[in-house]
**Q** 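Mind having a look at this structure? Questions to follow.
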There are 2 protein chains.
Amino acid sequence: MEKSKIIHNVYAHPLLTEEDLSLISSLHQEVYFSKGEYYLSKGEKPESYLILQSGLMRSFVYDYNGNDVTTHFFTKHQLVIEVLSLFKQMPSEESIQAMTDSKCWKIDFNVFENLFHTIPGLSEWGRTWFSEEMYRFKQRSLEMKTLSATDRYLKLLKNHPEVILQAPLKHIATYLGVTDTSLSRIRKEISKGDIPLK
Amino acid sequence: MEKSKIIHNVYAHPLLTEEDLSLISSLHQEVYFSKGEYYLSKGEKPESYLILQSGLMRSFVYDYNGNDVTTHFFTKHQLVIEVLSLFKQMPSEESIQAMTDSKCWKIDFNVFENLFHTIPGLSEWGRTWFSEEMYRFKQRSLEMKTLSATDRYLKLLKNHPEVILQAPLKHIATYLGVTDTSLSRIRKEISKGDIPLK
DNA sequence: TAAAACACTTGACTTATGACAAGAAAACAC
DNA sequence: GTGTTTTCTTGTCATAAGTCAAGTGTTTTA
């Protein structure tokens, strides 16, 4: 899939014209991250965001014991972004790292902001995206409360099997809020067929 | 504290002038909620938001067992708002209820949106507020993972003692992600002095 | 290709938390 | 002001999940 298709896909919005999209597209630059490589490290101020074309990335923080806790998996065609530090221009608490070799399109945030103020459709798109992002956040934090670890795992498996297949168990475990030992046992239970897949 | 002081306080932003604030202020109307009364019920589309002058309110959802789970406590001078359903104009998953008799200032969202597009400072304020809201969300969902139930309780006690004092234990418990039984025991441990208050 | 690092599983044990139920105290409603 | 409901605590017991440690297989890397 070539660049303009990806960009059109990600920025799809009724108010954005073909010309808008071409312009937006032209401002994205190809970047590659190899497995383990960091896009953003804790303490840095991000100056851009990415669109992930292929591969898998994750964001994580360190908890009070110094353990890293995965906060999000970025999958194909998602924005790879740390919203808070980018918008507030403050050092990031989160780090972002490639889990597999990844190909991305990068856009400078200043450049984006200029466009944002000149293309009305883009600010609409941005507002929508941000409110969707908030929605995903609220949903996820609710799930952490209302679903069991097994159900959270099954949900991730159903919605993002690529994460289960490509990410190491320990990162999936912290993402789901359990230890790797527990997750290993959950998998065992599921594979025994005791757990209905709904 | 009279109306304009509250409004000035809540909408404080370098780009908002005295005249802007007077105009904004004039569009807020006094409303009262008595203890237990709903501002928003699950399934409704909100058409406004509130500024809480005095009292305590909470938002909550029902989990898969039908238990209500408190998602947020609204305290003095906070916006009482369900962002997603208000912005996306869809039925709310959350309900919002007064925990004590409360005095609020209400503004119609359409009215706000008109202002939003005509007063540049207000859209800046809105963007900032929303990103702060996101920040609070991320912080909270992180805490749910990285802090123990006891630490989460102590943090709430430190930052919002008024919630601990005014909300019934069962709602505090679901907010913290534990049962009321557990929270009661956590309190007991703390009162024994075994837990350092940091 | 050998050594090291990592990924995953499993066992034994401990601990935290939940479910259920009973009872005291406080708040509320008529 | 009394009866009812709600709130909170506490006990017992069951269960889920964490910790620690060992062992196996698989990548990675020099």
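Values in this document were obtained by computation on a predicted structure and should not be read as measured data. Quick note on labels: first sequence line is chain A, next is B, and so on, each numbered from 1.
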**Q** Parallel, tilted or perpendicular: which describes the rings of Phe112(A) and Phe109(A), with under 30° parallel and over 60° perpendicular?
**A** parallel

**Q** Phe74(A) vs His72(A) aromatic rings, parallel, tilted or perpendicular, using cut-offs 30° and 60°?
**A** perpendicular

**Q** It should be established whether Thr179(A) places a side-chain nitrogen or oxygen under 4.0 Å from OP1 or OP2 of nucleotide dA17(D).
**A** no

**Q** Map Lys35(B) and Ala149(B) onto DNA chain C by nearest heavy atom, then report which one ends up closer to the 5' terminus.
**A** Ala149(B)

**Q** Salt-bridged, Lys76(B) to Glu162(B), with N to O below 4.0 Å?
**A** no

**Q** Does any N or O in the side chain of Asp101(A) come within less than 3.5 Å of the main-chain N or O of Lys35(A), such that one atom is a donor and the other an acceptor?
**A** yes

**Q** In whole Å, I'd like the distance from the CG atom of Leu176(A) to the C1' atom of dA16(D).
**A** 16 Å

**Q** Round to the nearest Å and state the distance from Leu165(A) atom CG to dA7(C) atom C1'.
**A** 15 Å

**Q** If only side-chain N and O atoms count, and only distance matters, is there a donor-acceptor pair under 3.5 Å linking Tyr11(A) with Ser25(A)?
**A** no

**Q** Mind calculating the distance between CG (Asp151(A)) and P (dA17(D)) to the nearest angstrom?
**A** 10 Å

**Q** Using whole Å, what does the distance between atom P of nucleotide dT17(C) and atom CD of Glu189(B) come to?
**A** 11 Å

**Q** Between the side chains of Lys138(A) and Glu94(B), is the shortest nitrogen-to-carboxylate-oxygen separation below 4.0 Å, so that they form an ion pair?
**A** yes

**Q** Between the two end axes of the helix from dT1(C)-dA30(D) to dC30(C)-dG1(D), each built from 5 base pairs, what angle do you get to the nearest 10°?
**A** 60°

**Q** Counting primed atoms plus P, OP1 and OP2 as sugar-phosphate and everything else as base, spell out the protein contacts along nucleotides 7-15 of chain D at 4.0 Å heavy-atom distance: B, S or - for each nucleotide, 5' to 3'.
**A** SSBBBB---

**Q** Would you tell me whether Glu189(B) and Thr150(B) have side-chain atoms, one donor and one acceptor, within less than 3.5 Å of each other?
**A** no

**Q** Among residues two or more places apart or on two chains, list those pairs meeting salt bridge (charged side-chain N to carboxylate O under 4.0 Å, His left out) that have a residue in residues 104-133 of chain A.
**A** Glu113(A)-Arg127(B), Arg127(A)-Glu113(B), Glu132(A)-Lys88(B), Glu133(A)-Arg136(A)

**Q** Rounded to the Å, how far apart are Asn67(B) CG and dA19(C) P?
**A** 8 Å

